Amino acid sequence: GWRCNGGGHYLKDEELDQFDIAEEAAEKGRLAARLRQISKCPQNYDWHREGDGWRCDGGSHYVKDEQLARFNAAAEAEGKAQLLVKLRQIGKCPQGLDWHRVGQGWRCNGGAHHVKDEDLAKFNAEEAAGKAKFLTKLRQISRCRPGAEWQREDEGWRCDDGAHYVNDEDLAKFDAALEAEEKVKLSAKLRRIGNCQQGSDWYRDGEGWRCNGGYHYVTDEEMAKFDAQLEAEEKARLAAKLRQIGNCPQGYEWHRDGEGWRCNGGGHYVKDEELARFDAAAGVAGSKAAAAAGFSKQPRPPAHPHR
C-alpha cells in the first residue's frame, strides 16, 4: 500500500483499485450522459466505440469524436462562465471582470474583490442542495427513478432516460400546492408552540408571529428552538435508518456523498434509492404502529403563558 510522509494515514492497494474502478464507472456514466445529450437518444443504452466516434448499443444513434470535442469545449466554456457568475455574486463585484487564482481563493482582475475557496465551497453546497430539492420535485411529479438527471426541453424538463417529461405549468401547480401545504404546516406548528386551540391563521408581528385571534404569540427564537429540536430528532432517525441499512455497527454520524450517504468512518455507504425502498417498506407498518400507539413524532412545545 501507500503511507503519507506524516505517518498517520495508510492506503491499501486494494482500496486504491476500488477507487479507480469507481472513478472509471463514474467517468463512463458521465460520457454516456454527454453522448445521449448530443444525440438526443431517449434510451438508457450503453455506448461503444465505432470508427471515429461512438454508437449506442441500440444501434440508432451515433456521435462523432469531433461532435463530442465541440460539446466538451462548450461545456468547459459554460462551466467557466458559471464560475465567474458565482465569484461575482459571492464577492459582490459589480464589474464584468475575469478572475484569477490567488492563494486559497480567487481575486477579480480589478483587485478589489476576493473569494475564499471555503466560501465558494459553501455556495456550491447550497446550490447543490437547491438542485437536489428541485430534482426531487421533478421526480415526485413524474414518478421517475431516483438518481435521474434532467435537462430543459421546450417548455419543461425531460429526464435523461427520456421516458418522463414535466412541463412548466405542472411544476408551477406543484409549487403552489407545496406552498399551500407549507403554510398549513407553519400554522399547525405555531398553534402547537403557542398552545392556541383555535384554527386561526397567523401573521408576522414584530419578531414573531401572532394568531388572527390576537391572543397567542410565538417569537422567532421559540420557533428556532422548536425547529432545532425537530431537526435533531430527524437527524437521529435518519442516522438510525442508515446504520440499519448499511449494517454499520459503529455510532458514526453520516454525511452526503454523491447520490447517497456515507458514514464518517468511511466504510459504509447507502444509496438514496436504498433509503427510499427502506422508507417505502417501513412506512405503512410504521404508520399503523404509530397510530395504534397514539404516538406523535412532534417534539413537546416550549411551555409559556399566553401573550
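None of the values given here were measured: they were computed from a predicted structure. Values reported hereafter were calculated over all heavy atoms of this structure, with side chains retained and with hydrogens, waters and symmetry mates removed.
A side-chain donor-acceptor contact under 3.5 Å links N264 and H255. For the residue pair N109/H100, the side-chain donor-acceptor check at 3.5 Å is satisfied.
Smallest separation of non-hydrogen atoms from C248 and W254: CB-CZ2, 3.8 Å. Nearest heavy atoms, H164 versus C144: ND1-SG, 3.5 Å. In this structure, C41 and W47 approach most closely via the heavy-atom pair CB-CZ2, 4.0 Å. The shortest heavy-atom contact between L84 and L97 is CD2-O, 4.4 Å. Shown here for Y62 and Q67, the closest heavy-atom pair between the two residues is O-OE1, 4.1 Å. When all heavy atoms of G208 and D220 are compared, the closest pair comes out as CA-OD1, 3.6 Å.
For D52, the CG atom sits in a loose shell: 12 or fewer heavy atoms of surrounding residues, nucleotides or ligands are nearer than 6.0 Å. More than 12 heavy atoms of other residues, nucleotides or ligands shown are found within 6.0 angstrom of CD on E50. Open room surrounds NZ on K271; 12 or fewer heavy atoms of other groups in view lie less than 6.0 Å from it. Remark: R143 CZ is loosely packed, at most 12 non-hydrogen atoms of other residues, nucleotides or ligands lying under 6.0 Å away. The neighbour count for K116 NZ, taken as heavy atoms of other residues, nucleotides or ligands under 6.0 Å away, does not exceed 12.
Counting heavy atoms from C-beta on, the side chains of V218 and F226 never come closer than 4.5 Å. Looking at heavy atoms from C-beta onward, Q18 lies in side-chain contact with E14 at the 4.5 angstrom threshold. Under the 4.5 Å side-chain criterion, counting only non-hydrogen atoms from C-beta, F71 is not in contact with V63. Using a 4.5 Å heavy-atom threshold, the side chains of H61 and Y45 count as separate. The closest side-chain heavy-atom distance from H113 to P94 is below 4.5 Å. Contact of the K241 side chain with the V270 side chain is not registered, since no non-hydrogen atoms from C-beta on lie closer than 4.5 Å. The shortest side-chain heavy-atom distance between E231 and E234 does not fall under the 4.5 Å cut-off. Under the 4.5 Å side-chain criterion, counting only non-hydrogen atoms from C-beta, D119 is not in contact with H114.
Figure legend: R204 and W209 shown as a cation-pi pair, the cationic atom lying under 6.0 angstrom from the six-membered ring centre and within 45 degrees of its axis. For the pair R210 and W202, the cation-pi test (distance below 6.0 Å, angle within 45°) is failed.
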Item checked: Candidate pair H48 and D57, rule side chain to side chain donor-acceptor pair (under 3.5 Å), full reasoning -> CA-CA 7 Å; H48 58 271; D57 286 352; 2.7 Å; yes

Next item on the list: Might you work through the salt bridge (charged side-chain N to carboxylate O under 4.0 Å, His left out) test for E169 and K173, ending with a clear yes or no?
Entry: CA-CA 6 Å; E169 184 180 351; K173 289 179 181 177; 3.6 Å; yes

Checklist line | Verdict with reasoning, F123 to V115, per side chain to side chain contact (heavy atoms under 4.5 Å, CB included) | finding: CA-CA 11 Å; F123 183 93; V115 173; over 6 Å; no

Next item on the list: List the steps, then state whether side chain to side chain contact (heavy atoms under 4.5 Å, CB included) holds for I38 with K64.
Entry: CA-CA 10 Å; I38 297 168; K64 294 180 180 178; over 6 Å; no

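Under the 4.5 Å side-chain heavy-atom criterion for Ile, Leu, Val, Met, Phe, Trp and Tyr, L190 and V184 are members of distinct hydrophobic clusters.
Expressed to the nearest 0.5 Å, how far CG of N167 lies from CG of D170 amounts to 4.0 Å. With rounding to the nearest 0.5 Å, the separation of CG in D175 from CD in E182 is 11.0 Å. Rounded to the nearest 0.5 Å, atoms CG (D98) and CZ (R107) are 15.5 Å apart. Between L35 atom CG and R55 atom CZ the span is 12.0 Å, to the nearest 0.5 Å. Note that CG of D65 and CZ of R49 are 4.0 Å apart. Values are rounded to the nearest 0.5 Å. The distance from atom CG of L242 to atom NE2 of H268, rounded to the nearest 0.5 Å, is 12.0 Å.
Exactly one residue among R36, R158, R34, K131 makes a salt bridge (Lys or Arg N to Asp or Glu O under 4.0 Å) with E149. That residue is K131.
By the 4.0 Å N-to-carboxylate-O rule, E221 lies close enough to K225 to be salt-bridged with it. Ion pairing between E181 and K185 holds under the 4.0 Å rule for side-chain N and carboxylate O. In this structure, D272 does not pair ionically with R145, as no charged nitrogen and carboxylate oxygen lie closer than 4.0 Å. A salt bridge between K28 and E24 is absent, with no side-chain N of the basic residue lying under 4.0 Å from a carboxylate O of the acidic one.
Here F174 sits in one hydrophobic cluster together with F134, L135, L138, I141, W150, W157, V166, L171, L178; the rule is ILVMFWY side chains under 4.5 Å apart, joined directly or through other members.
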